[in-house]
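Reading through the structure tokens given below for one structure.
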2 protein chains.
Amino acid sequence: MATIQDVAKLAGLSRTTVSRVINQHPYVTEEKKRLVSKAMEELNYVPNSSARRLRRQQTETIAVYVPRITNPFFSHLVEVMEKEAGKKGYQLILCQTRYKKEQERNFLELLKTKQVDGLILTSIENDWGQIEPYLSYGPIVVCNEYTDTAEVPIVFLNQIEGGYIGTKHLIDKGYTKLGFCSGDHKSSRVAYDRKVGFLKAVEEAGLLMKDEWFFRNAYSVQDGLNTFKALEKLDDPPQALFTGSDEVAAGLVKAAKDAGWRVPEDLAIIGFDNQPLAELMELTTVEQPIETIARNAMELMIESIQSKRRPVRKEVILPLRLIERTST
Amino acid sequence: MATIQDVAKLAGLSRTTVSRVINQHPYVTEEKKRLVSKAMEELNYVPNSSARRLRRQQTETIAVYVPRITNPFFSHLVEVMEKEAGKKGYQLILCQTRYKKEQERNFLELLKTKQVDGLILTSIENDWGQIEPYLSYGPIVVCNEYTDTAEVPIVFLNQIEGGYIGTKHLIDKGYTKLGFCSGDHKSSRVAYDRKVGFLKAVEEAGLLMKDEWFFRNAYSVQDGLNTFKALEKLDDPPQALFTGSDEVAAGLVKAAKDAGWRVPEDLAIIGFDNQPLAELMELTTVEQPIETIARNAMELMIESIQSKRRPVRKEVILPLRLIERTST
DNA sequence: CGAATTCATGAAATCGTTTTCATAAATCGA
DNA sequence: TCGATTTATGAAAACGATTTCATGAATTCG
């Protein structure tokens, strides 16, 4: 593999002159430019990435943390982020935390060792206090998650409102016995905020609540199936269920129908995200503008990298929208 | 940010000695090791990734090409590949080709400029003749796709068999008017092979075929919806449809039912992959062992990187399995 | 006991690119 | 005509880590 030294030798010039041609710096005659280009082509030369990174102190690589890429919400986020990154000449390293604090900490080393120029967190496992010190190594953008005090760019949705409008819809439909099904609302701010919104709507309507109408740790289709099994064992099951994911909702709908229940007559179910699955299963759902989230996050990331200024808190709050179908 | 020079200075030793401690080379006294470790901790030192890459001529990064990460088949592949890569200390760069030859060629530059140690192609857009020259820059593993002559490791499934067993199942069920719906079987070897298998089963059963029972360029749920619209306009529509994706099949099932058709009575539909969606929509499907494909591909990739030998053709052929549900 | 080998530590070179500083020629404007 | 500025090109240093080669002390073995 040819180096810039080889190109210089073949062109009969110095490495400095070759570098000037490659990087389009001034003060090189047209004749010399021609010689360099010809030599590069003849030797099939391209600059070595590692040497460039070392000299330029740049990697043109961004790490994106997701819990799991198979979750359609995150794969959709990543799809747009990779595309936006590519437009600006950046590569995207995929980091799956699998909801594990240690795994997230391991990946933070990428920033510390300067293997990436910045990172985007689409979910947060550790306390912010443990992540914040890494800001001294490079910029961090928080996306889809929320932290109260972090001095970083944050793209998020008002999940309290999301919980509220979904629940309000159920109440407006006449349901009075409402269940709440979500991820872990002790560790996840998203799940917590949705629950806050849910409770707000329930209290406004003067409805009663039962502890047994709360279902936790539901993330997948299978979790939806399992949640239904738990629900149908109740003496007094809820009439309607707010869920934190279309996949969970879809699992619930499938299990309910398999058990002979009618949706929404016997159980109304609302999902979140508006994935293709929502249309297939006719789910009422709260839509998140995933493309806008992703694009905003990547733009803020690249802006942070290129500005080389100390990070500043900047919130981008995006709207949620209810899509009504037949599951409610 | 501290460098190895800073650590050496604080420890009162040379950079060579510090490097020996970091890399656990022999001939360093325990006392000197202690001094170095203490200095590293005090300065919060970690080695610089770019410098290491340049000196070691290694990036510990692998690029994985997928058409689109939102396709559940590819997101599942990538999930397992990222996990396996992480176990061996490698990072995974995500490259979405979007089915575009130029985009694929752009990404091939990652290997040429030594930004990655190797790459895994899970779909192939360009002719192999255009990809093959990049083997001189680093190893390439082909996964899920197939090329006849490539001297590289290939992990694939017998898609002819996949097309055959799915179609045979429909024939065994008594259907005589069979349709075929897939991706572009002119540019995609996967789609082409499945069609070969489909035709083999149809010919063995002595069935007649109609050109208008072939539907192309279907990849998504929406494409499934559209395909049904085309199908229902036919004077003599097929009784059963072989599709190349659970998502396409799900779209078809949804559209058929919305149009008042009964599945499988009025139209039997078979999908491919056995994604969670298949269970939700009760699809009969041909299951691909995605975890095994991904794990095999990543192990072959890392083995190729570390062996530093010229690539050799090595085929790993994995089995397909029919999962029967109510859509056929 | 002495030669050979192992142990311990450090200086310089190396990986490959880009920038800084140096030198000389050409050009411009007073 | 001359001083100041611009143009053109190259050598050396820089980025930061690791390896090679060097040197001297300690140990081993015949």
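As the structure is a prediction and not an experimental result, all values here were calculated from the model. Residue numbering restarts at 1 for every chain, and letters A, B, ... go by the order of the sequence lines.
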Sequence-distant partners of B:T292, side chain to side chain donor-acceptor pair (under 3.5 Å), two or more places apart: none
Using the test side chain to side chain donor-acceptor pair (under 3.5 Å), find all partners of B:S220 that sit at least two apart in sequence or belong to another chain. B:D223
For [X], enumerate each residue passing the salt bridge (charged side-chain N to carboxylate O under 4.0 Å, His left out) test, keeping only those at least two apart in sequence or located in another chain.
{"X": "B:R189", "result": "B:D148, B:D193"}
{"X": "A:E41", "result": "none"}
{"X": "A:R105", "result": "none"}
{"X": "B:E109", "result": "none"}

Hey, could you give me each pair passing side chain to side chain donor-acceptor pair (under 3.5 Å) that has a residue in residues 80-89 of chain A? Not counting sequence neighbours. A:E82-B:Q96, A:E84-A:K87
Is any side-chain N or O of A:K32 closer than 4.0 Å to OP1 or OP2 of D:dT9? yes
Is any side-chain nitrogen or oxygen of A:Y27 closer than 4.0 Å to OP1 or OP2 of D:dA8? no
Terminal axes of the helix from C:dC1-D:dG30 to C:dA30-D:dT1 (five pairs each): angle between them, nearest 10 degrees: 40°
Pair B:E125, B:Q130: side-chain N/O donor-acceptor within cut-off below 3.5 Å: no
For a quick check, with a 4.0 angstrom heavy-atom cut-off, what is the B/S/- contact string for nucleotides 14-24 of chain D, read 5' to 3'? BBBBBBBB---
